[in-house]
Each structure stands twice: as C-alpha cells, then as structure tokens.
Novice: 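Before anything else, here's the structure in question.
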Number of protein chains: 2
Amino acid sequence: MNRPAEGIPGDAEKDRRTGLTIGQVARAAGVGVETVRFYERKGLIEQPEKPMFGRRSYPPETVARIRFIRRAKELGFTLKEIAELLELRMDPGKSCAEVRARALAKTADIDRKIETLGRMRRALADLASACRGRGPTIDCPILEAMEEGEEHE
Amino acid sequence: MNRPAEGIPGDAEKDRRTGLTIGQVARAAGVGVETVRFYERKGLIEQPEKPMFGRRSYPPETVARIRFIRRAKELGFTLKEIAELLELRMDPGKSCAEVRARALAKTADIDRKIETLGRMRRALADLASACRGRGPTIDCPILEAMEEGEEHE
DNA sequence: CTTGCATCCGTACTATGGTACGGATGCTAT
DNA sequence: ATAGCATCCGTACCATAGTACGGATGCAAG
C-alpha cells in the first residue's frame with residue numbers, strides 16, 4: 001500500500017508517471033490554484049478522474065489548455081465563448097471557417113465597443129472643455145449638462 | 001383619518017402637494033421601479049422619510065437626479081463615481097475644477113480602454129487574416145496561435 | 001512518526017448593475 | 001365595501017470572473 005520513498009525524490013519523478021498536481025498546473029500556467037478549480041467548475045478544463053481519495057492528477061495538456069484560455073481572454077473572448085472555441089477545437093467535424101467566423105464576429109464586437117467609447121470620450125471631452133474649472137460646483141457646466149442633458153439615443 | 005375623495009381626482013392632483021410615488025418617479029425617469037429602489041440602497045438618491053406605513057413620497061428633484069445618474073452612466077462613469085459626482089455637486093465648498101478633473105480622468109480612462117481594445121482588435125484581425133477558413137479546426141492557425149501564443153505583455 | 005505544507009471540497013464572498021419574488025399592506029375606483 | 005393594481009420590504013437571483021475560507025485529509029521529509 002505504501003511505496004517506499006527510495007528512488008522517488010519528489011514531485012518531478014512522480015509526475016513523469018502520474019501527471020501534475022493542481023499546484024503544479026497552476027504555477028506552470030501562471031494562474032492561481034483557485035482559478036484552475038474555477039475553470040474546472042465552468043467546464044473549461046476536464047477534471048481528471050474524481051479522486052474521492054488522494055489527489056487529482058492532471059495531464060500536461062491541462063497547462064496548455066489554461067494558457068489557451070488566458071490567451072483567448074486577452075483577445076477579448078469571454079469564458080463562455082472560449083468554451084465554445086474549445087469545443088470547436090475538439091470537434092473534428094467543425095472547420096476552421098467556424099473559428100474564423102467567431103474571430104471576425106469578435107472584432108466586430110470590439111469595433112462596436114470602441115465606437116461607443118469614442119462617443120463617450122468625445123461627449124465628455126466636450127463637456128470638460130466647456131468648463132473653465134473655476135467657481136462652485138453649482139455652476140459647473142459639466143454637471144449642468146448631466147442634469148439637463150440631451151437624451152442622446 | 002380618511003380624506004374624502006372629492007376634489008382629488010387621482011395621482012396628478014395629490015402629487016402636486018405630496019410628491020411622487022416610486023412608480024411615477026420611475027416612469028418619469030425612464031427606469032424600472034426596482035432600479036429606483038436599487039439606487040436608494042446604493043445611496044445615490046436619498047430616500048424620502050421612511051414611511052413604515054403608507055407610501056414614500058418623492059420630491060420631483062428625484063427624477064432629475066435619476067436622469068443625472070443615467071446620463072453620467074452613458075458618459076462612462078460607474079455608480080460609485082457618480083455617487084462622488086453627486087457629493088461634489090452638493091458640497092458648496094467644492095469647485096468646478098474637481099468635477100473637471102474627474103471628467104478628464106475619465107476620458108483618460110476611456111482612452112486606455114480604447115487602446116486595449118484596439119490592440120485586441122489588431123491581434124485578432126491578424127489571426128483571422130492568417131486563416132483561409134478551410135480545413136479542420138485542428139489545423140486552424142487561429143487556434144494554434146492561441147495554444148502556443150506569444151506571451152504578449 | 002510526527003510535522004507541516006499541499007490538496008480536496010463545498011460554500012461564501014468580492015465587484016458591477018441591476019432584476020425578480022413573495023407576502024403584506026395602501027389606495028382608489030367602482 | 002371591496003376588487004385589484006401599486007407599493008413596501010427584505011431577500012434572492014442573474015451574469016462575469018474570479019478570490020477566499022475552513023475543516024478534513026494526503027503525503028513526503030526529517
């Protein structure tokens with residue numbers, strides 16, 4: 001039941017056979033242990049056979065998968081969308097075109113966000129330039145504009 | 001205890017003396033009743049003397065205040081920031097310059113968001129253009145880039 | 001063989017901005 | 001007077017993306 005310690009200096013040796021612990025996965029992927037567990041709960045990474053006893057052992061691919069998630073997040077995808085990308089990736093029936101379509105849809109998405117922010121920015125800059133920055137807040141043209149403001153939209 | 005109904009045809013007449021009900025405030029401001037209550041909980045609008053019995057009666061200014069909140073939100077302020085703006089507005093010791101500073105800080109904020117989104121967009125568009133949209137997802141350059149991806153940042 | 005870090009697990013909490021529910025009243029028109 | 005909508009209130013829930021906690025184990029080294 002108990003394997004003797006000789007020949008097994010530590011994590012590294014053991015892992016070569018059984019995989020990675022959650023802590024090792026987390027460190028390798030650059031996220032916290034809790035985040036790994038969170039992704040598991042969300043179905044973004046498959047949890048290795050429930051242990052019930054002992055520890056879970058992760059295949060090295062899990063690290064790559066978490067890195068994928070992080071990279072996709074940096075590109076603006078939500079976890080839900082990333083889950084879909086991962087599904088596409090796994091499904092041999094799906095084509096590259098599907099992925100491409102999602103990427104393009106996301107750029108359109110980002111464009112809309114940028115436009116909205118641009119409109120905000122312009123409106124706000126206009127207000128700020130109308131305010132010479134003196135006098136009490138009661139007379140502030142910025143606040144006034146917000147109070148009476150034109151219902152733009 | 002009971003005032004007779006004559007001379008009081010309905011809401012409109014009563015309100016002229018006692019103020020507005022939450023439903024009237026909500027309709028006038030273009031938000032839901034629950035949103036009004038939410039803003040109260042958040043301290044964005046003062047709740048009129050707790051009734052304990054009967055209904056709360058809102059001064060007409062409440063409608064303007066909610067409109068202010070909405071407009072500020074459209075300009076990109078969070079509710080927390082809006083609460084600060086409202087405080088500035090009420091404080092006679094504060095100057096217009098403070099409001100202006102916040103508006104400018106927010107434009108800088110928005111600029112940063114736009115830059116981040118622009119970077120995302122470019123990266124994503126590059127990936128999409130590298131994908132001719134054919135073949136299985138296993139060979140998709142977009143997914144590949146995400147899997148191996150350069151740790152940009 | 002005991003010390004002590006790592007894991008395991010469910011659950012709760014964070015922030016953001018609301019939305020929904022359910023039971024108890026209020027108020028108004030008929 | 002009573003039907004029936006409006007309000008009142010606390011509380012729970014939604015999505016989003018995690019973070020934190022606490023008690024119970026696992027496991028490896030000294």
Novice: As an exercise, state the distance from CZ of B:R121 to CD1 of A:I110, rounded to the nearest 0.5 Å.
Specialist: 7.5 Å
Novice: How many whole angstroms separate atom CD of B:E34 from atom P of C:dT16?
Specialist: 21 Å
Novice: Tell me which of B:V33 and A:T35 sits closer to the 5' end of DNA chain D, going by the nucleotide each one is nearest to.
Specialist: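 Its nearest nucleotide lies further toward 5', so the answer is B:V33.
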Novice: Got a salt bridge between A:E84 and A:K80, using NZ or NE/NH1/NH2 to carboxylate O under 4.0 Å?
Specialist: no
Novice: Less than 6.0 angstrom from the centroid, inside 45 degrees of the normal: does B:R65 satisfy that with respect to the ring of B:Y39?
Specialist: no
Novice: Can you tell me the distance, in whole Å, between the CD atom of A:E40 and the P atom of C:dT11?
Specialist: 17 Å
Novice: Among the nucleotides D:dG18, C:dG18, D:dA6, which one has an atom lying closest to any side-chain atom of B:K73?
Specialist: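 Closest of the options to the side chain of B:K73: C:dG18.
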Novice: Round to a whole Å and report the spacing from CZ of A:R37 to P of C:dA6.
Specialist: 16 Å
Novice: Look at B:R70 and C:dG18 and indicate whether a side-chain polar atom (N or O) is within less than 4.0 Å of OP1 or OP2.
Specialist: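 Affirmative; the distance criterion is met.
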Novice: With the threshold set at 4.0 Å, does a side-chain nitrogen-carboxylate oxygen contact exist between B:D126 and B:R122?
Specialist: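 Here B:D126 does not pair with B:R122 in a salt bridge, since their nearest N and O are not under 4.0 Å apart.
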Novice: Expressed as a whole number of angstroms, how long is the span from B:Y39:OH to C:dT16:P?
Specialist: 14 Å
Novice: Write down the distance between CZ (B:R55) and P (D:dT7), rounded to a whole number of angstrom.
Specialist: 6 Å
Novice: Does the side chain of B:T21 get closer than 4.0 angstrom to OP1 or OP2 of D:dA6 through an N or O atom?
Specialist: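 B:T21 to D:dA6 OP1/OP2: no side-chain N or O under 4.0 Å.
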Novice: Quick check for you: to the nearest 0.5 Å, what is the distance between A:M146 atom CE and B:R71 atom CZ?
Specialist: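 Spacing of CE (A:M146) from CZ (B:R71) equals 9.5 Å.
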Novice: Provide, to the nearest angstrom, the distance between the NZ atom belonging to B:K42 and the C1' atom belonging to C:dA15.
Specialist: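 Taking atom C1' of C:dA15 as the reference, NZ of B:K42 is at 8 Å.
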Novice: Strictly distance-based, threshold 3.5 Å: is any side-chain N or O of A:T116 a donor or acceptor partner for the main-chain N or O of A:R112?
Specialist: yes
Novice: When the distance from CD of A:Q24 to P of D:dC27 is rounded to whole Å, what number comes out?
Specialist: 14 Å
Novice: If you only use heavy atoms from C-beta on, which nucleotide in C:dT7, D:dT19, C:dG18 is closest to the side chain of A:R41?
Specialist: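 Looking only at side-chain atoms, A:R41 lies closest to D:dT19.
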Novice: Can you list, by residue number, the residues of residues 77-88 of chain A that have a non-hydrogen atom closer than 4.0 angstrom to DNA chain C?
Specialist: none
Novice: Any N or O donor-acceptor pair linking the side chain of A:R56 to the base of D:dG26 at under 3.5 Å?
Specialist: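 Counting by modelled atom types and ignoring angles, no donor-acceptor contact under 3.5 Å is found here.
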Novice: Output the single nucleotide from D:dG10, D:dG18, C:dG18 whose closest atom is nearest the side chain of B:F38.
Specialist: C:dG18
Novice: Measure CD1/B:I22 against P/C:dC27 and give the value in whole Å, please.
Specialist: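 My rounded result for the distance is 15 Å.
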Novice: Does a salt bridge link B:E147 with A:R67, judged by any charged N lying under 4.0 Å from a carboxylate O?
Specialist: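 Judged by the 4.0 Å cut-off on N to carboxylate O distance, B:E147 and A:R67 do not form a salt bridge.
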